[in-house]
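Just so you know, these numbers come straight off a predicted model, no measurement behind them. Side-chain atoms are counted along with the backbone in the values below, which use heavy atoms only and exclude waters and symmetry mates. Chain A is the first sequence line, chain B the second, and so forth, proteins listed ahead of strands; every chain is numbered from 1.
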Amino acid sequence: MITNQPSPRPLHESLVTDLNTAFPDAFPPINFKEDLNEEQFAAISAPIGPVLVLAGAGSGKTRTLTYRVAWLLTQGICPWEILLLTFTNKAANEMLLRVENLTGIPHYKFWGGTFHHIGQKILRIHGESIGINKNFNILDASDADSLLSEVIRNFDAQFFRNTDNPKSRVIGEIISYARNTCSSIEQVVKEKYPYFAHLLQNILLFNKNYQDLKKKRGVLDYDDLLEHWLSLLENNSSIKEHLQHQFKYILVDEYQDTNTLQSKIIDRMTPYHKIMAVGDDAQCIYTWRGANFENIMTFADRHPGTLIFKIETNYRSTPEILDLANQVLEHQPANAGYRKELKPTRRPKQKPYFASASDTKHQAQFILKRIKGLLSEGYNYSDIAILYRAHFHAMDLQMELTRLAIPYQITSGIRFFEQAHIKDLVAQLKFAANPADSTSFFRFACLLPKMGPKTAEKLLQLGVESSKKNQTSLLKALEHESIIKKVPATAKDDWLDMIYTLQDVTENIHKLPPKDITSIAIEGWYGTFLRSLYPNWQSRQDDLQSLIGFATRFDNMQEFLAQLVLLNSETSDRAADLNEDNLRLTTIHQAKGLEFPVVFIIGLAESLFPSKRSLEEDNLEEERRLFYVAVTRAKDELYLTHPRLSFQGGPPALLSPSRFIQELSKDAYQTLSLPNSYY
DNA sequence: AGTCGAGTTCTTTTT
DNA sequence: GAACTCGACT
């Protein structure tokens, strides 16, 4: 929370608006001028036209967006005529929450969410005009990967046997990158994967078959949610005009992270340039997913009359931390972006610390020791965050934390909705909602004994044929004697249980709310079957129960299922975790937009951060920006740690300190020398 | 032919 | 830990 200003004061000038007239139940007076600094105020009170806000880290970016929304309301725009687009779910939630807190208008009155979420919503409403069934299921990354893998195996069962061939994930990345950057697969292979040039024809074919199979099964992957949204805007002029008039103003957060596909969508949505984009090119950290910060550099060209505002006053961090952050950017190549410098407002405190540990375990011990000290200084666990480049960099730390029973919340790693048992259950719901989605069917059917992909496919195939011939539903056909005969003997009982549960779910899927449907599924076959599958079935069953809790938020099955896939960043926080006093462990990507009094950045060694792959692929600038994002999360204290030895993967490797440390001037930080052992 | 279990290797980042 | 390989078992 940015707390640079006092809480709202009484009326002041004409812009202080008591919206009680417009929203009688909902709106406390907002004193725009008092609540914002000059830079921010200028931006939020700009005319209703194209606005680009270049916002440095910690400068009150979200605050500016939030107040812009409130200001638009004072100009007579209604909440449902405002579209708020963000990049991650976390940012979307934060944004909507703050809008609600400021304006008193419930967040669901606005159109707000991630690009994918809004795309999904628009396609549910208008998709049929471009041949998309309203019932479409959404594939998450691993679903999409298995589908592609299936396609490739169908083409050539031996393809993956040849270890020179890329894994399905890599092929999926190529396809996805092409789609997100609106370029051809030929081009992507040529420029980014020249060593697969000989496979180009194969990849093109895999892509075609993959797109066809998705269509056949009535499923969309993440990229489809954007691509079809764009094609709606490009191919159906009546819907295009409808959408263009529906939204009187569009606000885009983290604009620097938009890719070509997204920026095209935005441009098509705003022919009258009623748009505010907020971003910071120095924080662009998604180029690997096609983000193109050229979008922010050329925004004004594409939206004539753009007013550009810079907000650079930083309320978050101490001058020492900002000095270090500014130094990071100084090492960017000269033409890297808009010049900027974060201007401190806080009093000087201590310099950031740098500590070199003998290995990752030693690093973990140092951090724990230091945290103990911080607690005695009056900090809480929840004031402290530990940031890292990749999940596995925190493994030793996790072990130590567990050993010492220190409460921590990890916002990465295995996510709640990605756990096997959750996905198993959700697959049943998805199949019931859309029986063409055989991918979902295979997922849970293959759990039965002696039932692998081949057997499951054959049985489903038989079921589809018989249901066509006898004019019955697929699920009726699957319980028929002729099919049961083909089910492996040991799986027969479970097969029937499973089919009966699916029938039960299907019958009620349009009659009962999602929470009841979910509960039917849990009480049916899977709830019991689970016990034979996992030794810790008890805790997994608890997870399923909390899925019911999640379902109560929805009154429509499609929205519920869509959110399960799109919200996969909703981590395994058993709701309670949020309020408790926990240490935070998170990747830097997921920490974007957050701030903490104390931040540790760990694993600052060559080949960890910058990562090995970025060094190989020459993506150093993105790593540097990522480091900048990490540093600017800290408010009071910043610790940078370096493990000299890594035992991860094979023989121990000697690691030198990250170049991002080495290129700083020595007076930017103070070096701590650590005792050899903490025992 | 297809499934299953044991053993091995390698970990980016998110919708 | 998960994703993959390989060989044995039905």
*Asks:* Let me see the working for A:Phe392 and A:Tyr388 under ring pair (Phe, Tyr, Trp, His ring centres under 6.0 Å), right down to the final yes or no.
*Replies:* CA-CA 9 Å; A:Phe392 73 94; A:Tyr388 36 84; 9.5 Å; no

*Asks:* Taking any heavy-atom pair under 4.0 Å as a contact, classify A:Phe87: base, sugar-phosphate, or nothing.
*Replies:*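 Counting heavy atoms under 4.0 Å across all strands, the contact made by A:Phe87 is with sugar-phosphate only.
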
*Asks:* Is there a stack between A:Trp288 and B:dT13, judged by ring centres under 5.5 Å and planes under 30°?
*Replies:*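 Taking the rule of under 5.5 Å and under 30°, the ring of A:Trp288 does stack on B:dT13.
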
*Asks:* Cation-pi check for A:Phe627 against A:Arg389: NZ or CZ below 6.0 Å from the six-membered ring centre and within 45 degrees of the axis, yes or no?
*Replies:*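 Checked: cation-pi criterion not met.
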
*Asks:* A:Arg289: what forms a side chain to side chain donor-acceptor pair (under 3.5 Å) with it, not counting sequence neighbours?
*Replies:*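 Result, side chain to side chain donor-acceptor pair (under 3.5 Å) vs A:Arg289: none returned.
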
*Asks:* I want to verify a distance call: between C:dC4, B:dT14, B:dT13, whose nearest atom is closest to the A:Arg389 side chain?
*Replies:*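 That would be B:dT13.
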
*Asks:* Round to the nearest Å and state the distance from A:Leu387 atom CG to B:dT13 atom C1'.
*Replies:*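 After rounding, the reported distance stands at 13 Å.
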
*Asks:* Specify the separation, in whole Å, of atom NE2 of A:His116 and atom P of B:dT14.
*Replies:*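 Checked: the NE2 to P distance equals 14 Å.
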
*Asks:* Just the rounded figure in Å: distance from C1' of B:dA1 to CD of A:Glu457.
*Replies:*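 Rounding to the nearest Å, CD of A:Glu457 and C1' of B:dA1 are 14 Å apart.
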
*Asks:* For the pair made of CG in A:Asn89 and C1' in B:dT14, what is the distance, rounded to whole Å?
*Replies:*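 Rounding to the nearest Å, CG of A:Asn89 and C1' of B:dT14 are 9 Å apart.
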
*Asks:* Atom NZ of A:Lys592 and atom C1' of B:dT13: how far apart are they, to the nearest Å?
*Replies:*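 Going from NZ in A:Lys592 over to C1' in B:dT13 covers 11 Å.
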
*Asks:* Is there a side-chain polar atom (N or O) of A:His391 under 4.0 Å from OP1 or OP2 of B:dT11?
*Replies:*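 False: A:His391 side-chain N/O out of range (4.0 Å or more) of B:dT11 OP1/OP2.
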
*Asks:* Between atom CD in A:Glu622 and atom P in B:dT13, what is the gap in whole Å?
*Replies:*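 Distance check: A:Glu622 CD to B:dT13 P gives 13 Å.
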
*Asks:* Restricting to non-hydrogen atoms, name the atom on A:Phe529 and the atom on A:Leu447 that form the minimum distance, rounded to 0.1 Å.
*Replies:*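 Minimum heavy-atom separation between A:Phe529 and A:Leu447: CZ-O, 3.4 Å.
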
*Asks:* Identify each donor-acceptor pair in which a side-chain atom of residues 261-268 of chain A lies under 3.5 Å from a protein atom, sequence neighbours left out, and give them as a table.
*Replies:*
residue	atom	partner	partner atom	Å
A:Gln262	OE1	A:Asn259	N	2.9
A:Gln262	OE1	A:Asn259	ND2	3.4
A:Ser263	OG	A:Thr260	O	3.3
A:Ser263	OG	A:Asn295	OD1	3.4
A:Asp267	OD1	A:Arg302	NH1	3.2
A:Asp267	OD1	A:His303	NE2	2.9
A:Asp267	OD2	A:Arg302	NH1	2.6
A:Arg268	NE	A:Glu234	OE2	3.1
A:Arg268	NH2	A:Glu234	OE2	2.7

*Asks:* Determine, step by step, whether A:Phe444 and A:Tyr526 satisfy the ring pair (Phe, Tyr, Trp, His ring centres under 6.0 Å) criterion, reporting the C-alpha distance in whole Å, the side-chain angles of both residues, the deciding distance to 0.1 Å, and the verdict.
*Replies:* CA-CA 9 Å; A:Phe444 57 81; A:Tyr526 190 72; 8.8 Å; no

*Asks:* Which protein N or O atoms sit under 3.5 Å from an N or O of nucleotides 3-6 of chain B?
*Replies:*
residue	atom	partner	partner atom	Å
B:dT3	OP1	A:Gly452	N	2.6
B:dT3	OP1	A:Gly452	O	3.1
B:dT3	OP1	A:Thr455	N	3.0
B:dT3	OP1	A:Thr455	OG1	2.3
B:dT3	O5'	A:Gly452	N	3.4
B:dC4	OP1	A:Lys450	N	2.4

*Asks:* Report the nucleotide, chosen from B:dT15, B:dT13, B:dT11, that has the shortest atom-to-atom distance to any side-chain atom of A:Phe392.
*Replies:*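 Within the option list, the nearest is B:dT11.
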
*Asks:* CG of A:Asp145 versus P of B:dT14: gap in Å, rounded?
*Replies:*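 That distance rounds to 17 Å.
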
*Asks:* Tell me whether A:Thr287 contacts the main-chain N or O of A:Gly290 through its side chain, where contact means a donor paired with an acceptor under 3.5 Å.
*Replies:*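 The answer is no, because no donor-acceptor pair under 3.5 Å joins these two groups.
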
*Asks:* Expressed as a whole number of angstroms, how long is the span from A:Glu227:CD to B:dT15:C1'?
*Replies:*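 Atom CD in A:Glu227 sits about 14 Å away from atom C1' in B:dT15.
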
*Asks:* Where each residue is assigned the nucleotide of DNA chain B containing its nearest heavy atom, which of A:Lys458 and A:Ser614 is assigned the position nearer the 5′ end?
*Replies:*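 So the residue in question is A:Lys458.
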
